[in-house]
Visitor: 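Could you have a look at this structure, given as structure tokens, before my questions?
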Amino acid sequence: MFNLSLTPPQVEFVLKPGVTLTQAYQVTNESDQSLTLNTQVLPFLPSGDNGSVTYNNLISNPNINFSLNNADLKLGQPFTLQPQETRQLVLKINASSQTSLADYYATLFVYQSPDKSANGTTISQTSGQIGSHILLSVSDTENPKTEGVIHKFSLTPKIKDVFFTPIKFSGQIQNNSNYFFKTAGKITISKNQQVIKELKLDSQNILANYYRQFSCDNQQVCTLSPPLWPGKYTATLEFDSSLNIPSSSASFIVMPISPLILIGTIILISYLISRISKFFPKNKSDQTSES
């Protein structure tokens, strides 16, 4: 059974044109049988707004060269790992001096290669692959400038009860630069200019000239849970100043809906009981005393 691990799962580099760097990976066969493996590097682009990527019909940039720096192994050359064996792969990345200043994205794949018997026929085995993303920023400076904008920042519901129904925040971050950045930011909830709660954003990569939905730490959807005092609240989405992303705000109102419903229900029940009691005759003892 295919059971492979590859670390690190993602690497990020900033390098100048004409520079070569290396990155060591550890690949481990976690299965109970030997595996014949192979390697390849494929470029990718972002797809959708949830961090997905696509490899369809993409051509590698001729100015970015990938190779293995292992003495006994080349990129695209099969090798075998015994059960529980670990091997180091050293990937060499070269950006030629003609490389344009921008981001380049690729994935190092380690995939299962079919074994062959002594007579050259392929031995069938379950296929699989595992990959590690490479985010490569070619820049003249160590910290390339980024900028972006917040799209569709919204919250639901806009009118809520003090006890029930949490507030959910959603929106997209658009990267308007040629370099990826991480969502270093927070949602600040305030009332009467006093901060009530801060929700820290999950650190996600927004790739160059693309967009992505934001999320919060340990939450798939940024959520503010009740109870909350009645009143008007303002939620502000803001990022680290170095990202050059203007903040965005939205408001919601908290009302004592459930307490009012409870009080109204009690009053209504009391009224109905008093009305119904008038239709019942007085008990016998009362009638006797009156006579």
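All values reported here derive from a predicted model rather than from experimental measurement.
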Visitor: Does some side-chain heavy atom of Val41 sit less than 4.5 Å from a side-chain heavy atom of Leu91?
Guide: yes
Visitor: Do Thr28 and Thr86 meet the criterion of a side-chain donor-acceptor pair at a distance under 3.5 Å?
Guide: yes
Visitor: With the side chain counted from C-beta on, respond yes when Phe66 and Lys92 share a heavy-atom pair under 4.5 Å apart, and no when they do not.
Guide: no
Visitor: Find the distance between CG (Asn175) and CZ (Arg212) and round it off to the nearest 0.5 Å.
Guide: 12.0 Å
Visitor: So, Thr183 and Gln204: side-chain donor and acceptor under 3.5 Å apart, yes or no?
Guide: no
Visitor: Set out, in order, the CA-CA distance, both residues' side-chain angles and the distance that settles side-chain contact (heavy atoms from CB on, under 4.5 Å) for Leu135 and Phe13, then state yes or no.
Guide: CA-CA 6 Å; Leu135 307 185; Phe13 299 109; over 6 Å; no
Visitor: Give the intermediate values and the outcome of side-chain contact (heavy atoms from CB on, under 4.5 Å) for residues Leu42 and Leu58.
Guide: CA-CA 8 Å; Leu42 296 178; Leu58 297 180; over 6 Å; no
Visitor: Going hydrophobic residue to hydrophobic residue with side-chain gaps under 4.5 angstrom, can you get from Ile261 over to Val162?
Guide: no
Visitor: Yes or no on side-chain hydrogen bond (donor to acceptor under 3.5 Å, both in side chains) for Asn50 and Ser52, after CA distance, side-chain angles and deciding distance?
Guide: CA-CA 6 Å; Asn50 60 354; Ser52 299; 2.8 Å; yes
Visitor: Evaluate the side-chain proximity of Tyr111 to Thr39: yes if any heavy-atom separation is below 4.5 Å, no if none is.
Guide: no
Visitor: Side-chain heavy atoms under 4.5 angstrom apart, residues restricted to Ile, Leu, Val, Met, Phe, Trp, Tyr: same cluster for Ile159 and Leu228?
Guide: no
Visitor: Atom CD in Glu198, atom OG1 in Thr236: separation rounded to 0.5 Å?
Guide: 10.5 Å
Visitor: Under the salt bridge (Lys or Arg N to Asp or Glu O under 4.0 Å) rule, collect the residues that match up with Glu12, sequence neighbours excluded.
Guide: Lys182
Visitor: At their closest point, which heavy atom of Ala235 faces which heavy atom of Phe153, and how far apart are they?
Guide: O-CE2, 3.6 Å
Visitor: Whether the Ser170 and Ser154 side chains hold a donor-acceptor pair (N or O, under 3.5 Å, no angle test) is what I'd like checked.
Guide: yes
Visitor: Within the distance-only criterion (no hydrogens, no angle test), does the side chain of Ser270 pair as donor or acceptor with the backbone N or O of Ile266 below 3.5 angstrom?
Guide: yes
Visitor: Please test Leu68 against Tyr25 for side-chain contact (heavy atoms from CB on, under 4.5 Å), starting from the C-alpha separation and ending with a verdict.
Guide: CA-CA 11 Å; Leu68 285 184; Tyr25 293 86; over 6 Å; no
Visitor: Starting at CG of Leu108, measure out to CG of Leu6 and round the result to the nearest 0.5 Å.
Guide: 6.0 Å
Visitor: Tell me yes or no: between the side chains of Glu147 and Asn176, is some donor less than 3.5 Å from an acceptor?
Guide: no
Visitor: Side chain of Asn244, backbone of Thr146: donor and acceptor closer than 3.5 Å?
Guide: yes
Visitor: For the residue pair Pro43 and Ser60, what are the closest heavy atoms and their distance?
Guide: CD-OG, 3.5 Å
Visitor: Quick one, Leu237 and Ile173 - any side-chain contact, counting heavy atoms below 4.5 Å?
Guide: yes
Visitor: Parallel, tilted or perpendicular, judged at 30° and 60°: which one describes the rings of Tyr55 and Phe44?
Guide: perpendicular
Visitor: Using atom types as modelled and distance alone, determine if a side-chain donor or acceptor of Asn70 lies under 3.5 Å from a backbone N or O of Asp72.
Guide: no
Visitor: Do you reckon Ile196 sits in the same ILVMFWY cluster as Phe169, going by side-chain contacts under 4.5 Å, direct or chained?
Guide: yes
Visitor: Tell me the closest heavy-atom pair linking Ser5 and Glu30, and the distance in Å.
Guide: OG-OE2, 3.1 Å
Visitor: If you measure from OG on Ser247 to CD1 on Ile150, what distance do you get to the nearest 0.5 Å?
Guide: 6.5 Å
Visitor: Can you list the steps and then say if Lys168 with Cys222 is a side-chain contact (heavy atoms from CB on, under 4.5 Å)?
Guide: CA-CA 6 Å; Lys168 295 183 178 180; Cys222 295; over 6 Å; no
Visitor: Identify the two heavy atoms, one from Ala250 and one from Leu155, that lie closest to each other, and give their separation to 0.1 Å.
Guide: CB-CD2, 3.6 Å
Visitor: Under the 3.5 angstrom rule, does the side chain of Ser139 hit a backbone N or O of Thr141 as a donor-acceptor pair?
Guide: yes
Visitor: Starting from Trp229, can I reach Val254 by hopping between I/L/V/M/F/W/Y residues whose side chains sit under 4.5 Å apart?
Guide: yes
Visitor: So Phe2 and Ser31, do their side chains get closer than 4.5 Å, heavy atoms only?
Guide: no
Visitor: Any donor-acceptor pair under 3.5 Å linking the side chain of Lys160 with the backbone of Thr165?
Guide: yes
Visitor: Just so I know, are the side chains of Thr22 and Ile93 near enough to count as touching, which here means a heavy-atom distance under 4.5 Å?
Guide: no
Visitor: Would you say Ser132's side chain and Pro9's backbone share a donor-acceptor pair under 3.5 angstrom?
Guide: yes
Visitor: Can you hop from Val14 to Val19 via hydrophobic side chains spaced under 4.5 Å?
Guide: no
Visitor: Taking all atoms of both residues into account, what is the closest heavy-atom pair of Lys186 and Leu201, and its distance?
Guide: N-CG, 3.8 Å
Visitor: Would Glu85 and Asn29 satisfy side-chain hydrogen bond (donor to acceptor under 3.5 Å, both in side chains), going step by step from the backbone distance to the final call?
Guide: CA-CA 6 Å; Glu85 181 184 0; Asn29 180 4; over 6 Å; no
Visitor: List the steps and the verdict of side-chain hydrogen bond (donor to acceptor under 3.5 Å, both in side chains) for Thr188 and Glu238.
Guide: CA-CA 8 Å; Thr188 303; Glu238 52 190 346; 3.0 Å; yes
Visitor: Run the ring-ring contact (aromatic ring centres under 6.0 Å, His included) test against Tyr179 and tell me which residues pass, sequence neighbours left out.
Guide: none
Visitor: Have Gln98 and Asn63 got a donor and an acceptor in their side chains that come within less than 3.5 Å?
Guide: no
Visitor: Can you confirm whether the side chains of Asn209 and Asn178 place a donor and an acceptor under 3.5 Å from each other?
Guide: yes
Visitor: Is the number of heavy atoms from other residues, nucleotides or ligands within 6.0 Å of NZ (Lys191) greater than 12?
Guide: yes
Visitor: Knowing that exactly one of Ile245, Leu207, Asp240, Asn205 qualifies, which makes a side chain to side chain contact (heavy atoms under 4.5 Å, CB included) with Phe181?
Guide: Ile245
Visitor: Is it true that atom CD of Gln220 has more than 12 heavy atoms of other residues, nucleotides or ligands lying nearer than 6.0 Å?
Guide: no
Visitor: Counting C-beta onward and ignoring hydrogens, is there a side-chain heavy-atom pair between Leu45 and Tyr210 closer than 4.5 Å?
Guide: no
Visitor: Roughly how far apart are Leu199 CG and Phe214 CZ, rounded to 0.5 Å?
Guide: 9.5 Å
Visitor: Kindly indicate whether the side chain of Thr36, heavy atoms from C-beta on, has any atom under 4.5 Å from the side chain of Gln112.
Guide: no
Visitor: Looking only at heavy atoms, what is the nearest atom pair of Thr223 and Pro166, with distance?
Guide: CG2-CB, 3.5 Å
Visitor: Output the distance between atom CG (Leu15) and atom CD (Glu142), rounded to the nearest 0.5 Å.
Guide: 12.0 Å
Visitor: Using links of under 4.5 Å between side-chain heavy atoms of ILVMFWY residues, direct or through other members, which residues join Val90 in one cluster?
Guide: none
